[in-house]
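Below is one structure, written out as structure tokens; the observations come after it.
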Amino acid sequence: MKDTKYLEIIKAPVITEKSESLKENNVYVFKVAKKANKTQIKNEVEKAFGVKVVNVNTVNAVQKKRRVGRYTGLSTAYKKAYVKLAEGSSIEY
């Protein structure tokens with residue numbers, strides 16, 4: 001994934017109760033590309049938002065069975081990145 005734009009690596013912010021509570025500790029959660037590694041995520045977040053990243057943790061969110069009426073299916077699998085920022089830094093989205 002060389003010479004990629006940050007929109008190809010950082011897909012979207014994850015906005016849930018858990019991710020909102022993590023903001024107090026300067027941790028932000030993003031959906032990222034499956035093939036992106038921690039170094040690429042760190043570089044792209046620093047470029048895109050102009051902040052200093054201290055640490056990046058990644059999690060592969062697995063597919064879950066979903067049901068609508070009598071039809072069953074699977075939700076899509078994706079990769080999440082928990083990005084910890086330096087003191088005094090913040091991201092507005």
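Put simply, the side chain of Asn37 gets close to the backbone of Thr39: a donor and an acceptor are under 3.5 Å apart. Here the side chain of Ser75 pairs a donor or acceptor atom with the backbone of Lys64 at under 3.5 angstrom. Between the side chain of Ser89 and the main chain of Val51, no donor-acceptor pair closer than 3.5 Å is present. Remark: side-chain polar atoms of Lys84 are not paired, donor with acceptor, to backbone N or O of Asn57 under 3.5 angstrom.
For an aromatic pair to be called close, the ring centres must be under 6.0 Å apart, and Phe30 with Phe49 satisfies this.
Note that OH of Tyr28 and CD of Glu20 are 9.0 Å apart. Values are rounded to the nearest 0.5 Å. Taking CD of Glu44 as the start and CD1 of Ile9 as the end, the distance is 4.5 Å to the nearest 0.5 Å.
Looking at every heavy atom in both residues, Asn26 comes nearest to Glu87 through ND2-CA, 4.0 Å. What you find for Lys38 and Val56 is that their closest heavy atoms are CD-O, 3.4 Å. Annotation for Gln40 and Lys35: closest pair OE1-O, 4.0 Å, computed over non-hydrogen atoms. Residue Val53 comes nearest to Lys42 through the heavy atom pair O-CE, 3.5 Å, listed as atom of the first residue, atom of the second, then distance. Between Ile10 and Val32 the shortest heavy-atom distance is CA-CG1, 4.4 Å.
You'll find the side chain of Arg66 stays beyond 4.5 Å of the side chain of Leu74, heavy atoms only. Within the 4.5 Å cutoff, no side-chain heavy atoms of Lys79 are placed close to those of Lys31. Contact of the Lys80 side chain with the Thr58 side chain is not registered, since no non-hydrogen atoms from C-beta on lie closer than 4.5 Å.
Linking Ile, Leu, Val, Met, Phe, Trp and Tyr whenever their side-chain heavy atoms come within less than 4.5 Å puts Val29 and Val59 in one cluster. By the criterion of side-chain heavy atoms lying less than 4.5 angstrom apart, applied directly or through intervening Ile, Leu, Val, Met, Phe, Trp or Tyr residues, Ile41 is grouped together with Ile15 in one hydrophobic cluster. Connection of Leu22 to Val83 is not established within any shared hydrophobic cluster, with ILVMFWY side chains joined at heavy-atom distances below 4.5 Å, either directly or through further cluster members.
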